[in-house]
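All remarks here apply to the structure that follows.
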There are 2 protein chains.
Amino acid sequence: MKVAGTSGQISRSGFTSSARAVFRMLFSEGQATRPQLCEALGLSRPTMSSSMAELDRFGYVEKIGEIQGAVGRKAAMYRLGEKVGHIISVDAGSTHIRLRVSTLDRRLLHHRTYRLSSSQRYLGDEISVAVAEEIEASRQLTEAAWGPLRAIGIALPSRVVNDDGDARTTRQEQIFSHFTPPADVPVVLENNVNCAAIAEHSHGVAQGRQDFAYVQVGLKIGMGIVLRGQLLQGRNGAAGEISHIAFPFGPNALPANAAELEYYLGTEALMARVHQAWPANAGTPPQDTAHLLTLARDGHEAANAAVERHARDIGAVVATCVSIVDPGLVVLGGGIGTSPLILPHVRDMANRLSYPTEIQSSTLGADATVLGIEKLAAEHACNLILGAE
Amino acid sequence: MKVAGTSGQISRSGFTSSARAVFRMLFSEGQATRPQLCEALGLSRPTMSSSMAELDRFGYVEKIGEIQGAVGRKAAMYRLGEKVGHIISVDAGSTHIRLRVSTLDRRLLHHRTYRLSSSQRYLGDEISVAVAEEIEASRQLTEAAWGPLRAIGIALPSRVVNDDGDARTTRQEQIFSHFTPPADVPVVLENNVNCAAIAEHSHGVAQGRQDFAYVQVGLKIGMGIVLRGQLLQGRNGAAGEISHIAFPFGPNALPANAAELEYYLGTEALMARVHQAWPANAGTPPQDTAHLLTLARDGHEAANAAVERHARDIGAVVATCVSIVDPGLVVLGGGIGTSPLILPHVRDMANRLSYPTEIQSSTLGADATVLGIEKLAAEHACNLILGAE
DNA sequence: TTGATTATGTTACGTAGCCTAACAAACAAA
DNA sequence: TTTGTTTGTTAGGCTACGTAACATAATCAA
């Protein structure tokens with residue numbers, strides 16, 4: 001993740017630690033009653049009173065109702081107030097720009113989707129232009145009740161390095177070629193596969209897991225790794241760049257070039273192999289992977305063989321990842337990754353070659369990436385409001 | 001890391017947070033003056049007074065002298081007191097048992113080395129017996145001034161899982177087959193390669209690094225990964241078990257069995273390949289890797305070719321690791337790993353296939369592993385004294 | 001309806017753990 | 001010896017919590 005726009009303002013918030021804890025709780029849980037907050041945070045009722053008063057002075061909390069228990073007085077229910085503001089999250093994908101405007105506790109305020117005129121393999125000018133236009137369009141709709149814009153998050157189809165790393169080796173700055181963020185609004189950048197991993201953590205099958213890996217298999221192949229609840233980014237923003245795994249590698253084979261696996265496991269080369277191996281009497285070969293998967297599902301022999309071999313290749317990649325980080329859970333995503341046809345083969349291969357690991361298919365749809373960057377942008381905004389410490 | 005022996009005593013220490021901070025500082029720095037501690041921890045002199053008094057009541061600090069600045073009153077120098085106690089650290093290696101008795105701030109009190117009668121490939125009875133005897137022998141020498149025994153750390157040549165994992169799949173419990181630790185003394189277990197990685201962090205070339213990987217190349221091959229300053233252990237204690245990387249893996253090759261890389265990159269298979277490829281006119285082939293490296297260093301052509309090929313294989317493995325965790329630094333250790341002959345080839349291969357990564361040879365000797373487990377045991381003891389949180 | 005019971009929120013007040021200010025002690029340099 | 005500097009202690013205040021007690025608001029049983 002890279003953050004631009006707020007350089008060096010290490011703003012201590014001025015809130016007491018209990019007020020910060022209350023804010024964080026409402027941030028993560030969405031809403032809670034005072035007794036619930038007391039219980040969860042181990043605070044006394046007087047401390048809760050003063051914390052709430054403290055946050056209320058800034059409009060940072062909002063009473064949204066009362067809850068009646070079995071007996072006794074009603075408990076007041078709170079959530080974050082409107083002065084907390086909102087964030088804009090953008091998935092700058094290869095075919096679509098998906099945008100969400102939401103509160104810090106991720107209540108959706110507005111959303112839009114823009115279809116790019118052509119599929120963009122890499123981050124370039126067209127994406128930058130589209131992002132600029134979409135953000136501008138939604139800013140026009142901003143309502144007073146949304147409060148201030150606290151952050152803009154953008155998921156990019158490129159490596160992203162943080163301030164320690166060397167941004168010149170990535171494409172990340174391309175996003176700003178036609179897009180200039182509003183002054184004073186921090187921009188949070190993160191790789192789109194990493195964002196999808198985050199979404200699995202907050203919305204998907206990896207909920208509650210401290211450690212897991214997300215493997216996206218589609219046009220390209222990539223991985224996002226979450227360890228101790230935090231995204232692993234790497235010195236060059238290259239953690240999870242599994243297309244750079246040594247390939248081919250064997251007693252008589254060493255890789256000649258970097259990223260050979262990217263080509264081999266990409267859909268282009270996969271379909272080329274399918275066409276080459278397609279029997280003359282097996283009908284017309286499939287034109288894309290979706291078609292290939294349909295044929296395989298319907299029991300087509302040649303299609304099945306191709307899918308199985310691809311699944312076993314992916315299983316080998318997963319085994320390699322497990323051997324290195326042993327995450328306990330691997331989530332498969334992407335057009336091919338989510339196919340139920342590949343899951344058993346990946347499981348079999350990975351668990352035979354490596355250590356016991358749960359392997360699941362993602363159930364999140366096309367919104368996964370934008371939900372992931374939304375989470376990251378919200379967390380960044382929350383940290384800014386509560387001070388770095 | 002696995003910890004046995006102290007089940008469930010979540011002892012809050014009763015010390016103020018500043019006293020704990022002072023303790024931690026003396027723990028990590030060894031010694032410091034009061035003004036230094038104030039400066040480093042951001043505490044006032046009155047607070048330092050009360051913190052010191054607090055710790056002194058338990059004999060947890062000790063004044064060891066005074067330091068005279070340019071002008072003004074002398075500053076008192078402190079270190080951890082004898083009531084803090086000591087730890088026993090054991091490297092249960094394949095050929096030697098190395099033992100150190102030391103204070104929590106790692107002042108050496110006693111050490112001994114025992115040579116096993118034969119090289120043990122795996123953790124078994126003989127190691128357990130030897131560990132029991134060595135620990136018993138050094139306990140006999142315990143002096144009153146050493147204070148209580150706070151922890152026993154043992155580095156094992158096996159996978160080690162923590163309490164979440166399934167210990168039945170590892171060999172770790174074998175260590176207790178002939179060794180029964182004293183009651184009430186926690187035992188800290190960790191894999192020996194992970195320990196060597198820790199030692200690189202605290203004593204070696206990885207000092208000051210938040211993230212790095214340590215690759216040990218010798219009889220077997222293994223890796224220890226430190227991320228955000230903490231050892232990565234994995235759900236099955238298998239993080240860094242790079243012998244399970246998919247191998248062979250290529251367009252026409254999938255691994256048939258687990259851990260094929262362990263055999264291929266092990267010294268046994270290496271020497272077999274060397275012998276097979278040895279030209280008839282090149283003299284007698286080397287009998288072990290040390291000899292092979294000597295011949296290569298002296299310019300022997302066939303030896304050089306073998307070493308280079310092995311180095312490139314290792315470089316491919318390093319590239320795979322970098323592609324997944326992108327640590328920024330890889331330290332090479334072990335009998336073959338530390339050879340200056342392989343370093344350039346590993347560097348070339350890894351950096352060509354993957355992302356910019358510093359690659360260094362370890363400069364620590366045979367004590368690395370025991371120093372690593374010493375660090376872990378000391379940290380565990382420190383946490384117990386200061387309370388969990 | 002009315003009191004008993006219970007949960008919630010506020011007020012009053014105590015305390016721990018830090019701080020600053022001021023002073024005492026211990027040193028070097030003038 | 002005096003002066004200035006640094007170290008350590010004493011005195012006293014402040015903040016962020018806590019507990020105790022009370023006020024408030026609900027259910028429930030008579």
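Order of the sequence lines fixes the chain letters, A, B, ..., with proteins taken first and strands second; residue numbering starts at 1 for each chain.
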Students often get this wrong, so: under 4.0 angstrom with heavy atoms, is T33(A) touching a base, only sugar-phosphate, or nothing?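 It contacts nothing in the nucleic acid.
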Working note: E62(A) + Y78(A), criterion side-chain contact (heavy atoms from CB on, under 4.5 Å); need CA distance, chi angles, decisive distance, verdict. CA-CA 5 Å; E62(A) 192 169 74; Y78(A) 289 84; 6.0 Å; no
Passing option when T47(B) is tested against S44(B), S49(B), S50(B) for side chain to side chain donor-acceptor pair (under 3.5 Å):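 Only one of S44(B), S49(B), S50(B) forms a side chain to side chain donor-acceptor pair (under 3.5 Å) with T47(B), namely S44(B).
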May I ask you to decide whether R209(B) forms a salt bridge with D211(B), counting only side-chain N to carboxylate O separations under 4.0 Å?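 Looking at D211(B) together with R209(B), the answer is no, because their closest N to O distance does not fall below 4.0 Å.
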Please walk me through it: do V185(A) and V187(A) pass side-chain contact (heavy atoms from CB on, under 4.5 Å)? CA-CA 6 Å; V185(A) 177; V187(A) 176; 5.6 Å; no
Could you check how far [atom1] of [X] sits from [atom2] of [N], rounded to whole Å?
X	N	atom1	atom2	value
L37(A)	dG9(C)	CG	C1'	14 Å
R20(B)	dA16(C)	CZ	P	16 Å
K74(A)	dT8(C)	NZ	C1'	12 Å
M77(A)	dA7(C)	CE	C1'	15 Å

Table of protein N/O atoms under 3.5 Å from nucleotides 1-6 of chain C N/O atoms:
none

Using a 4.0 Å cut-off to any heavy atom of chain A, which nucleotides of DNA chain D are the first and last in contact, reading 5' to 3'?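 Listing 5' to 3', DNA chain D meets chain A from dA16(D) to dT27(D).
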A70(A) vs A76(B), nearer the 5' end of DNA chain D by closest nucleotide: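 On the 5' side of the pair lies A76(B).
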Would E190(A) and Q233(A) count as a side chain to side chain donor-acceptor pair (under 3.5 Å) if you check the C-alpha gap in whole Å, the side-chain angles of each, and the deciding distance to 0.1 Å? CA-CA 9 Å; E190(A) 185 53 88; Q233(A) 302 177 304; 2.7 Å; yes
How long is the span from the CG atom in L80(B) to the CZ atom in F27(B), to the nearest 0.5 Å?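 Result: 8.0 Å between the selected atoms.
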Kindly say whether V84(B) contributes a backbone atom to a donor-acceptor pair with the side chain of R150(B) at under 3.5 angstrom?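 A pair under 3.5 Å: yes.
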N194(B) backbone acceptor or donor facing N191(B) side chain under 3.5 Å: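 Flag set: sc N191(B) to bb N194(B) pair under 3.5 Å.
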Would you call the rings of Y60(A) and F15(A) parallel, tilted or perpendicular, where under 30° means parallel and over 60° means perpendicular?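 Tilted.
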Strictly below 4.0 Å, heavy-atom distances to any atom of DNA chain C: list the hits from residues 41-63 of chain B, or just say none.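 Correct list: G42(B), L43(B), S44(B), P46(B), T47(B).
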Stepwise side-chain contact (heavy atoms from CB on, under 4.5 Å) test for I373(A) and I198(A): CA-CA 8 Å; I373(A) 188 67; I198(A) 291 290; over 6 Å; no
Determine, stepwise, if the pair E374(A) / S102(A) fulfils side chain to side chain donor-acceptor pair (under 3.5 Å). CA-CA 8 Å; E374(A) 180 180 282; S102(A) 54; 3.1 Å; yes
